[in-house]
Amino acid sequence: MSDTDNDKPKLGMRQPLGLKRTVETGKVKQSFSHGRSNTVVVEVKRRRVLGPQGGQGSEPQVQDAPEAVPAPAPVATPTPAPRPAPADNLSPQERQTKLLREAEEQRMSALEDARRREEQARTQAAEDEKRRAAERTAATEAEATKPAPEPAPAPEPTPAPAPEPTPTPEAAAAPTPAPVAAAPAAPAKPAARAAAPTPAPAPEPIVLTPDASRPAPRRFTPVPRPEIPKPVAKPAPAPTPAPAAAAPAASSGGNAPQRALPSGVATPRNTAAPARPQQRDRKGDERRGGKLTVNRALNEDGARARSLAALKRAREKEKRGFGGPREPQVKQVRDVQVPEAITVQELANRMAERGADLVKALFKMGSPVTMTQTIDQDTAELLVTEFGHNIVRVSDSDVDLALDTVPDADGELKPRPPVVTIMGHVDHGKTSLLDALRGTDVVRGEAGGITQHIGAYQVTLKDKSKITFLDTPGHEAFTAMRARGADVTDIVVLVVAADDGLMPQTIEAINHTKAAGKPMIVAINKIDKPEANAQRVRERLLEHDVQVEAMGGETQDVEVSAKNRTGLDELIEKIQLQAELMELTANPDRAAEGSVIEAKLDKGRGPVATVLVTRGTLKVGDVFVVGAESGKVRAIVDDKGRQMKSADPSMPVEVLGITGTPSAGDTLSVVENEARAREVAEYRQSVLTQKRTTSAPASLESMFSALKAKQAIEYPLVVKADTQGTVEAIVAAINKISTDDIRARILHSGVGGITESDVNVAAASGAPIIGFNVRPNANARQIAERHKVALKYYDVIYDLTDEIRAGMAGQLGPEAFETVVGRAEIREVFSAGKHGRAAGLLVTDGVIRKALKARITRADVIIYQGEIASLRRFKDDVAEVRAGLECGVTFTQNFTDIKAGDYLETYEVELRERTL
């Protein structure tokens, strides 16, 4: 049988006794993707209710108190009757939440009623005060108009309106309104006199105090929607008997009888909360708008409260309405910064105007533009003036830092150590002399025994004074380094070898010193050698307008020996004397400025710059701009490798924390913040990019030079070195090797090790990579082997330039040189065979040999170039024919265009290796 047959009731059967099941079981079918489904058994538990539902007759009545109570104390506002229990089943937590919500709404309603009554009492008191003041004024005027006061019996007292008590916070919070309480007060006076023998205790005033355990109520929530004030004066509110008449109606219509109140006690107000004025009745509104919340769903019969933001807007709107019409605001005149090019929208933002207004003004001027189009500075000035603002013209260069040429105050200046640069020719003992002064051995660690970097050191003398030394290279390729050293120094020490005399780089150092305007001290080194001649050096200096003190000049000179350490104290004494005469000072209490002596890319530390501080104090954490790079000082390291927290003026230090490797000679300036540093660095980078990509204007000279450059063979190179100054020197030396036939083209040059990108650049053009004191990493080495890129390593600049010169010459190939062997005049032309022709010659110069290269000229124009096929004298083949003899020749390529009077010239070609 089916399940439906079992469920049918059957006759003669009764259901068994038992409790109703509280668990209902059902099945729910779940559907999933790909046609899968599942059936789940769901159990619904219901709470068992043992008592009657609905709570009939359980509603307590507050008014059903027994009348036998002699004198009940006046109570506060009666608590409204609780609502009947809901018909639906609610859990205890839900019922508690609902009761708390209803209590909160009742409390907010009571607070709103109290606030409204307080406002009414305040308004009524103000009107009564005005009325009493008018009555007093009228009485005073009436007494003044009387001629004389006559004695008369006292008039009967007329019932004057009882003055209302001044509203206080307690009275305002009382639940009994003033008009209602005044009604029963008048007839109660005779009863009070009759009951004088048994006076009843006066009832205590009803005072409502807020519950300390609950938070203070917000006086502005909720309030009725404010009305727009009208210019018509409001009529005086007349007392209405509605509240008084409501009391008997309530007593007659209610189920419980009303008991009489003692005399002097105000009639309690109706317990029903008054309806809020000027609010829509949301109960009867079928179209319920707004969001359905839990509060609204559970409280179906409650009115929706307004949000705090809506109340705040309503209050502000009301205040604006009471304040009257708003005054027109005065137009604010702005100083608008206008660059060389600006978009219309950006200009509108800076002027605080609408972009559409600017576009409209431009249309009127005849310039149909859109908001995103760019306009020039002159058009922007017209717009700014049209709208009544002031224009401030700015350019892109205004972003850059201005040079601070203002001298510091004398009171802020403090003595600083002198900066001494040692200059001279290569291998004249500059570094050895500096090692003798410092007590170190730098020469031992230099490749080839020559200096190829500029070094900065600070020496502390016996008297605790300090001197900063700069060591410059002496090779001809390092001219820029010597020029930088002369610019940042205070004193130049010119080192000249006593056995070698003045050399080209010595003369160049003298010229750099004169151009910089710095004082010079001549140190004649290697005086210990037997062939040393210091007097000859002094005489040679006269040729370049350098007069030493021994010969009546002003330039100091000293004979020293770095090897034997002789004359060093005298040299130090002369340096201190010169520095004392110069009175070297600087202001350490200002933003630091410095000059980059050298820069390199360290594998572990990143870009590192050797900086000589010129003014101010450089501290860790300072934000700076150096050239086209910016950064923040992460660490300061002195020449001995010690970490420093700050660097004073004239102190050479290594600075870490730069975003990139700066160029040697750049100026380091400390700025206020990182945003400013990035802005200046980006502008300088854009200027460099523009210079690199902008082509020069075309001219005849540039066109011919471009044609010549195209005809020349290019020799591509990629140069990587350990420091920025070395890179500059190598590139300059390679460019000097270039000739009209071949020129070097530097594809890329940089500081640091050889990377994968360097190898890729070289592989694209088949260029070798020059590594000076650097090596490639593992990945770069693998890529170079794969692409057959040549890696050449050097540590001495001599070897580098020699091999580059040889490589460029080898690419040109050997050079051909022609040597004329003999000349002859063609006298007759004979037939040779069926088609060939032979020439009868008279040798005029040199020797005519067989198998030599020959050319025939006719009127000095070459008509044939080839070789001699056969050479005969009479009928015999000969190897050569000398001058003054006759012979016959035939030519290769079956050349037959021969005429009498032509000239034959034989020559041989010699191939020689090219040199640049």
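The figures that follow rest on heavy atoms only: side chains count, while hydrogens, waters and symmetry mates do not.
Contact between Phe469 and Ile422 at its shortest, heavy atoms only, is CD2-CD1, 4.0 Å. When all heavy atoms are compared, the tightest approach of Ala721 to Val727 is CB-CG2, 3.4 Å. Taking every heavy atom of both residues into account, Phe624 and Val626 meet most closely at CE1-CG1, 3.7 Å.
By the side-chain hydrogen bond (donor to acceptor under 3.5 Å, both in side chains) test, Thr617 pairs with no residue at all, sequence neighbours left out. Under the side-chain hydrogen bond (donor to acceptor under 3.5 Å, both in side chains) criterion, Glu381 pairs with Arg393, not counting sequence neighbours. Shown here are the salt bridge (charged side-chain N to carboxylate O under 4.0 Å, His left out) partners of Asp499, two or more places apart in sequence or in another chain: Lys529. Thr379 pairs by the side-chain hydrogen bond (donor to acceptor under 3.5 Å, both in side chains) definition with Asp376, not counting sequence neighbours.
Defined by atom type and a distance below 3.5 Å, a donor-acceptor pair is missing between the side-chain atoms of Thr566 and Asn564. Donor-acceptor pairing under 3.5 Å is recorded for the side chains of Thr468 and Gln458. Side chains of Asp795 and Asn773: no donor on one and acceptor on the other come within 3.5 Å. Judged purely by distance below 3.5 Å, without hydrogens or angles, the side chains of Thr659 and Glu629 pair a donor atom with an acceptor atom. A donor atom on one side chain and an acceptor atom on the other are not found under 3.5 Å apart for Thr555 and Glu549. Between Thr723 and Thr726, the side chains place a donor N or O and an acceptor N or O closer than 3.5 Å (distance only, hydrogens not considered). Side chains of Asn525 and His428: no donor on one and acceptor on the other come within 3.5 Å.
Surrounding CD of Glu580 are at most 12 heavy atoms belonging to other residues, nucleotides or ligands under 6.0 Å away. Summarising the local packing, CD of Glu554 is surrounded by 12 or fewer heavy atoms from other residues, nucleotides or ligands at distances under 6.0 Å. More than 12 non-hydrogen atoms from other residues, nucleotides or ligands lie less than 6.0 angstrom from NZ of Lys331. For Glu583, the CD atom sits in a loose shell: 12 or fewer heavy atoms of surrounding residues, nucleotides or ligands are nearer than 6.0 Å. Within a 6.0 Å sphere centred on CG of Asp569, heavy atoms belonging to other residues, nucleotides or ligands number 12 at most.
Under the 4.0 Å criterion applied to side-chain N and carboxylate O atoms, Glu346 and Arg350 are assigned as salt-bridge partners.
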Considering only distance and modelled atom types, tabulate donor-acceptor pairs under 3.5 Å from the side chains of residues 630-638, sequence neighbours left out.
residue: Asp638; atom: OD1; partner: Lys640; partner atom: N; Å: 3.3
residue: Asp638; atom: OD1; partner: Gly641; partner atom: N; Å: 3.1
residue: Asp638; atom: OD1; partner: Arg642; partner atom: N; Å: 2.7
residue: Asp638; atom: OD2; partner: Arg642; partner atom: NE; Å: 2.9
residue: Asp638; atom: OD2; partner: Arg642; partner atom: NH2; Å: 3.0

For residues 538-545, please give each side-chain donor-acceptor pair under 3.5 Å, one per line with the distance, not counting sequence neighbours.
residue: Arg538; atom: NE; partner: Asp557; partner atom: OD2; Å: 2.7
residue: Arg538; atom: NH2; partner: Asp557; partner atom: OD2; Å: 3.2
residue: Arg538; atom: NH2; partner: Glu559; partner atom: OE2; Å: 2.9

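Ile391 places none of its side-chain heavy atoms less than 4.5 Å from the side chain of Val336.
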- prompt: Do Thr667 and Glu593 pass the side-chain hydrogen bond (donor to acceptor under 3.5 Å, both in side chains) test, and can you show the C-alpha distance, the side-chain angles, and the key distance before you say yes or no?
  reply: CA-CA 7 Å; Thr667 301; Glu593 292 182 5; over 6 Å; no
- request: Might you work through the side chain to side chain contact (heavy atoms under 4.5 Å, CB included) test for Val719 and Ile734, ending with a clear yes or no?
  value: CA-CA 10 Å; Val719 178; Ile734 292 175; 4.1 Å; yes
task: Go through the steps to decide whether Lys600 and Asp722 satisfy the test side chain to side chain contact (heavy atoms under 4.5 Å, CB included), and finish with yes or no.
output: CA-CA 6 Å; Lys600 62 183 178 179; Asp722 52 348; 5.7 Å; no
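Checked by atom type and distance alone, the side chain of Thr689 pairs as donor or acceptor with a backbone atom of Gln685 at under 3.5 Å. With Ser686 contributing its side chain and Tyr683 its backbone, the two residues share a donor-acceptor pair below 3.5 Å. Under the 3.5 Å distance criterion, the side-chain polar atoms of Asp666 are matched with a main-chain donor or acceptor of Ser663. Looking only at distances, no side-chain donor or acceptor of Arg676 sits under 3.5 Å from a matching main-chain atom of Val671. Judged purely by atom type and a 3.5 angstrom limit, Thr489 uses its side chain to pair as donor or acceptor with the backbone of Thr421.
Distance CG/Asp648 to CZ/Arg615: 15.5 Å, rounded to 0.5 Å. For the atom pair OG1 of Thr755 and NZ of Lys720, the computed distance is 4.5 Å after rounding to the nearest 0.5 Å.
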